[in-house]
There are 2 protein chains.
Amino acid sequence: MRAYEPDDTDWAILHELQLDARISFNELGRRIHLSPPSVAERVRRLEGHGILTGYAAHVDPAAVGQDVTAYINLRCDPGRCLLKTADPEEFPEVVEIHKLAGRHCTMLRVRVASIAHFEGLVERIGTHGPLETTMVMSTPFTRREVRPAPPRRPVTTGDAWWQAKDASGDA
Amino acid sequence: MRAYEPDDTDWAILHELQLDARISFNELGRRIHLSPPSVAERVRRLEGHGILTGYAAHVDPAAVGQDVTAYINLRCDPGRCLLKTADPEEFPEVVEIHKLAGRHCTMLRVRVASIAHFEGLVERIGTHGPLETTMVMSTPFTRREVRPAPPRRPVTTGDAWWQAKDASGDA
DNA sequence: AATGAAAGGTCGGCAAC
DNA sequence: GTTGCCGACCTTTCATT
């Protein structure tokens with residue numbers, strides 16, 4: 001069970017703040033038809049429950065000359081795991097790190113100013129283990145806002161061969 | 001050549017606003033030792049040049065029950081490209097789309113409430129072409145702030161066999 | 001849990017230097 | 001880029017529903 005379940009009003013607040021984090025409680029209340037004190041109380045509740053975790057300005061990397069985005073999938077050598085043997089400050093180009101299930105142990109999202117720079121980065125990271133790189137050509141969208149989970153859909157629209165008609169399962 | 005090159009003061013502003021987008025111009029000026037009108041002018045300049053592109057609240061997906069993050073790498077069938085034949089609203093679980101160079105044409109970052117939900121999503125997206133999925137187990141960090149590009153590093157520390165000593169190239 | 005009013009502080013914009 | 005000022009807006013508190 002989750003600590004707190006946002007209601008529709010909370011989701012309206014989350015929506016507005018994800019669109020523009022700089023609006024005042026007054027303006028926010030105006031938009032969602034709630035008085036400023038109520039808005040403030042809800043925002044603090046959402047913050048308190050760890051749902052609202054912060055407010056950030058977005059800086060367009062391409063506008064400051066960091067045009068190249070790529071992913072690096074890494075399979076760290078035993079004892080040379082990037083996450084355990086390297087300081088993140090060593091790799092400012094790495095903007096995102098995921099630990100993965102599957103063939104690779106780690107996926108890095110990197111942002112650099114040029115392919116030449118990327119080549120140097122790959123050499124540096126390659127000391128930790130074999131890797132695969134994927135260049136991003138364009139990003140139709142990113143950072144889509146968090147919304148309430150849609151109602152669960154059935155896995156398939158019709159019955160499949162592995163679905164017993166009497167719906168007996170091992171649940 | 002880029003339209004506008006942020007100076008150190010601009011970067012200080014970008015830093016503070018990426019840390020907390022909700023501070024006032026007053027507070028911002030206090031932190032970077034600049035008067036509020038100057039701060040306001042710089043912020044508007046950065047916005048005007050497309051460097052500051054927006055301000056967003058961060059909502060923790062896990063805190064609202066969307067615990068599962070995964071990537072789907074897709075190689076769209078000819079004429080059934082996901083980006084051209086599907087409405088993004090059809091796939092609210094897809095929070096990020098990248099067009100790729102390499103083996104796959106598209107990488108999707110998806111966020112769902114459960115593995116069961118993920119299975120259904122994969123079935124729906126699978127109609128567009130063959131795909132590979134990668135589960136994210138954890139994310140040590142994401143959304144690292146944009147910073148000034150570090151000085152370019154040499155590709156290798158020493159000369160390599162393909163580097164001619166007289167530095168003649170085809171540039 | 002939300003509202004309304006009132007108090008006090010803060011903010012943002014403008015003009016002048 | 002800075003200072004000073006003014007009007008407007010904002011946040012908070014508290015009593016009330």
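Each chain gets a letter, A, B and so on, in the order the sequences are listed, and its residues count up from 1.
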Are any of the side-chain nitrogens in [X] or [Y] under 4.0 Å away from the carboxylate oxygens of its partner?
X: A/R124; Y: A/E90; result: no
X: A/E41; Y: A/R44; result: no
X: A/E89; Y: B/R147; result: yes

From B/E145 atom CD to B/L14 atom CG, the distance as rounded to the nearest 0.5 Å =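 The CD atom of B/E145 sits 9.0 Å away from the CG atom of B/L14.
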
message = Measuring from atom CG of A/D10 to atom CD of A/E5, what distance do you get when rounded to the nearest 0.5 angstrom?
response =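 Answer for the CG-CD pair, A/D10 versus A/E5, is 10.0 Å.
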
task = Could you tell me whether the side chain of A/R109 and the main chain of A/T69 form a donor-acceptor pair under 3.5 Å?
result = no

key: Strand contacts (DNA chain D) in residues 18-29 of chain A, 4.0 angstrom heavy-atom criterion   =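 Nucleic-acid contacts, sorted: A/S24, A/F25, A/N26.
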
key: Of residues 30-43 of chain B, the positions that come close to DNA chain D - non-hydrogen atoms, cut-off under 4.0 Å   =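 Of all residues in residues 30-43 of chain B, the ones placing a heavy atom under 4.0 Å from DNA chain D are B/L34, B/S35, B/P37, B/S38, B/R42.
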
task = Please state whether the rings of B/H128 and B/F91 are parallel, tilted or perpendicular, taking 30° and 60° as the class boundaries.
result =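 Answer is perpendicular, since the angle exceeds 60°.
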
message = Does the plane of the ring in A/Y4 sit parallel, tilted or perpendicular to the ring in A/H49? Use 30° and 60° as the thresholds.
response = parallel

key: Five-pair end axes of the helix from C/dA1-D/dT17 to C/dC17-D/dG1, angle between them (10°)   = 30°

request  = Kindly check if the number of other-residue, nucleotide or ligand heavy atoms within 6.0 Å of CG (A/D8) is above 12?
outcome  = no

query = Out of B/R22, B/E47, B/Q18, which residue meets the side-chain hydrogen bond (donor to acceptor under 3.5 Å, both in side chains) rule with B/Y55?
reply =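 Of all the options given, the one that passes is B/E47.
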
